[in-house]
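To start, the structure under review is shown below, and the notes come after it.
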Amino acid sequence: MQQVVIVGSGHLAHALWEGWHRNPRRPRITSLIARSNAHQHLWLPAVWDTVCFSPEAVRNADIVVLTVKPKDTRSALQQLMPYLSPETALISPVAGWTIAQLRGAGIRGPVVRIMPNVSAAIGASTTLAAFDGLNNERRREIEEFLEECGTVTVVDESLINPYTALIGSGPAYIFLLLKSLIEGGMRLGADEALTRHLVSSMVEGAARLAKDRSQDSLDDWIGQVASPGGTTETLLGVLDRAGWPAMIQDAVVAAVGRADQLGAAL
């Protein structure tokens with residue numbers, strides 16, 4: 001039976017755990033190593049009661065998923081390495097840590113660098129992956145494992161940092177948009193729960209349309225919604241005067257810069 005160990009117990013670890021426990025495609029044993037009690041509140045008591053605090057728990061693992069903070073990664077690896085088998089695949093979503101840096105820290109077995117997001121909790125993550133040291137059979141096995149949390153796109157590792165700002169951080173942009181739309185509705189007296197449901201469904205529908213009609217220009221779709229002199233044109237005018245489109249682009253660029261800084265500081 002496949003043995004999976006998640007190292008770290010924060011929000012991403014919790015989202016991945018939920019994704020892998022929704023409807024696993026094959027039987028497996030998934031264990032959790034926590035480095036502290038700081039995130040105990042995220043977990044069901046039945047899960048937290050099984051948590052291990054010893055790195056020795058990775059000894060027989062087929063897959064180890066490293067979900068610690070960038071600043072804690074080196075110390076976590078030093079603790080894990082005495083117990084890691086050369087055949088154990090290390091999956092790392094740690095921002096800024098390249099495969100070469102993981103190798104430099106002593107990892108000799110298969111490495112998969114990924115960039116998922118918290119939508120993994122419902123099997124809807126958009127995950128990027130770069131592989132090193134895996135044969136075709138093992139690579140496909142890991143891809144299928146990751147696909148239980150959503151879609152997986154294999155990319156050159158050089159794209160991981162740029163896409164961190166879009167894929168890893170991206171849900172925060174959408175949540176902020178949703179929050180702003182909901183609060184705008186509440187200012188007009190709308191019910192919060194109903195508005196959240198309707199606005200979330202609207203955003204989901206617009207995203208599906210943009211994805212399914214990818215050959216169409218997004219400017220054309222904006223134009224179809226924004227009739228001259230209508231409500232949408234007024235809304236877009238307010239956002240444009242506030243510099244909202246450029247602000248989003250600046251935020252993405254700044255986030256990519258931060259990912260590069262995290263890597264350079266190692």
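Nearest heavy atom pair, residue Ala190 against residue Thr195, reads CB-OG1, 3.3 Å. Summarising the geometry of Leu239 relative to Pro245, their closest heavy-atom pair is O-CD, 3.9 Å, with the distance given to 0.1 Å. Smallest separation of non-hydrogen atoms from Pro171 and Val118: CB-CG2, 4.3 Å. Residues Pro93 and Leu66 share a closest heavy-atom pair of CD-O, 2.8 Å. Nearest heavy-atom pair across Pro110 and Pro86 is CD-O, 3.4 Å. Counting all heavy atoms, side chain and backbone alike, Thr151 lies closest to Thr126 at OG1-CA, 3.7 Å.
Judged purely by atom type and a 3.5 angstrom limit, Asn37 has no side-chain atom pairing as donor or acceptor with the backbone of Gln40. A donor-acceptor distance shorter than 3.5 angstrom exists from the side chain of Gln101 to the backbone of Thr98, with no hydrogens or angles considered. A distance-only check finds no donor-acceptor pair linking the side chain of His14 to the backbone of Gly10 [under 3.5 Å]. Judged by distance alone, with hydrogens and angles left aside, the side-chain atoms of Asp156 form no donor-acceptor pair with the main-chain N or O of Leu159 at under 3.5 Å.
The list of salt bridge (Lys or Arg N to Asp or Glu O under 4.0 Å) pairs with a residue in residues 236-257, not counting sequence neighbours, is empty. Identified under the salt bridge (Lys or Arg N to Asp or Glu O under 4.0 Å) test for residues 162-171, with sequence neighbours left out: none. Among residue pairs with one or both ends in residues 102-117, those qualifying as salt bridge (Lys or Arg N to Asp or Glu O under 4.0 Å) are Arg103-Asp132, Arg113-Glu157; sequence neighbours excluded. Judged as a salt bridge (Lys or Arg N to Asp or Glu O under 4.0 Å), the pairs with a partner in residues 161-179 (not counting sequence neighbours) are, in order, Lys179-Glu183.
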Go through the steps to decide whether Val51 and Ile33 satisfy the test side chain to side chain contact (heavy atoms under 4.5 Å, CB included), and finish with yes or no. CA-CA 6 Å; Val51 164; Ile33 297 178; over 6 Å; no
Would you please test Glu141 and Glu144 for side chain to side chain contact (heavy atoms under 4.5 Å, CB included) and show each step? CA-CA 5 Å; Glu141 173 191 312; Glu144 290 178 354; 5.6 Å; no
Chi angles and distances behind the side chain to side chain contact (heavy atoms under 4.5 Å, CB included) call for Leu77, Trp97: CA-CA 12 Å; Leu77 290 174; Trp97 273 80; 4.3 Å; yes
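With a 4.5 Å cut-off on side-chain heavy atoms, Val4 and Ile29 do not count as touching. Proximity of Leu16 to Trp20: side-chain heavy atoms (C-beta onward) are separated by under 4.5 Å at one or more points. Within the 4.5 Å cutoff, no side-chain heavy atoms of Val155 are placed close to those of Tyr163. No side-chain heavy atom of Thr88 sits under 4.5 Å from any side-chain heavy atom of Ile63. You'll find the side chain of Ile142 reaches within 4.5 Å of the side chain of Ile91, heavy atoms only. Between Leu80 and Val7, some side-chain heavy-atom pair lies under the 4.5 Å cut-off. Within the 4.5 Å cutoff, the side chain of Val111 has no heavy atoms near those of the Phe131 side chain. Within the 4.5 Å cutoff, side-chain heavy atoms of Arg139 are placed close to those of Val154.
In this structure, the separation between CG on Asn117 and OG on Ser125 is 4.0 Å, given to the nearest 0.5 Å. Within the model, atoms CG of Leu146 and CG of Leu128 stand 11.0 Å from one another, a figure rounded to the nearest 0.5 Å. Atom CD of Glu143 is separated from atom CG of Asn136 by 9.5 Å, given to the nearest 0.5 angstrom. Atom CH2 of Trp48 and atom CG of Leu32 lie 6.5 Å apart (nearest 0.5 Å). Atoms CG and CG, from Leu44 and Asp49 in turn, are 10.5 Å apart once rounded to the nearest 0.5 Å. In this structure, the separation between CD on Gln79 and CZ on Arg74 is 13.5 Å, given to the nearest 0.5 Å.
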Donor-acceptor pairs under 3.5 angstrom involving side-chain atoms of residues 218-233: please list them, not counting sequence neighbours.
unit_1, atom_1, unit_2, atom_2, d
Thr232, OG1, Val225, O, 3.4
Glu233, OE1, Gly229, N, 2.6

Show me the donor-acceptor pairs, under 3.5 Å and distance only, between side chains in residues 53-61 and residues at least two apart or in other chains.
unit_1, atom_1, unit_2, atom_2, d
Ser54, OG, Glu56, N, 3.2
Glu56, OE2, Arg59, NH2, 3.0

Without placing hydrogens or testing angles, list every side-chain donor-acceptor pair under 3.5 Å for residues 200-216, not counting sequence neighbours.
unit_1, atom_1, unit_2, atom_2, d
Ser200, OG, Arg196, O, 2.7
Ser201, OG, His197, O, 3.0

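Around the CD atom of Glu192, the shell of radius 6.0 Å holds no more than 12 heavy atoms that belong to other residues, nucleotides or ligands.
When the ring pair (Phe, Tyr, Trp, His ring centres under 6.0 Å) test is applied to His11, the partners found at least two apart in sequence or on another chain are His39. Scanning for side chain to side chain donor-acceptor pair (under 3.5 Å) contacts around Thr164 gives an empty result, with sequence neighbours left out. Under the side chain to side chain donor-acceptor pair (under 3.5 Å) criterion, Ser75 pairs with Arg35, not counting sequence neighbours. Under the side chain to side chain contact (heavy atoms under 4.5 Å, CB included) criterion, Ala124 pairs with Ser119, Ile122, sequence neighbours left out.
Cluster annotation: Val68 is connected to Val64 through the hydrophobic network of ILVMFWY side chains, with a link wherever side-chain heavy atoms come within less than 4.5 Å. Hydrophobic cluster membership differs between Trp17 and Met115, with clusters built from Ile, Leu, Val, Met, Phe, Trp and Tyr side chains linked at under 4.5 angstrom. Note on Leu236 and Leu181: separate hydrophobic clusters, where clusters join Ile, Leu, Val, Met, Phe, Trp and Tyr whose side-chain heavy atoms are under 4.5 Å apart, directly or indirectly. In this structure, Ile248 is not a member of the same hydrophobic cluster as Leu176, with clusters built from ILVMFWY side-chain heavy atoms closer than 4.5 Å. Hydrophobic clustering of Ile, Leu, Val, Met, Phe, Trp and Tyr side chains at less than 4.5 Å, counting indirect connections, keeps Ile114 apart from Ile160.
Residues near Val238 contribute nothing to a hydrophobic cluster around it, because no ILVMFWY side-chain heavy atom sits closer than 4.5 Å to its side chain.
For the pair Glu147 and Arg140, the salt-bridge criterion is met [side-chain N within less than 4.0 Å of a carboxylate O].
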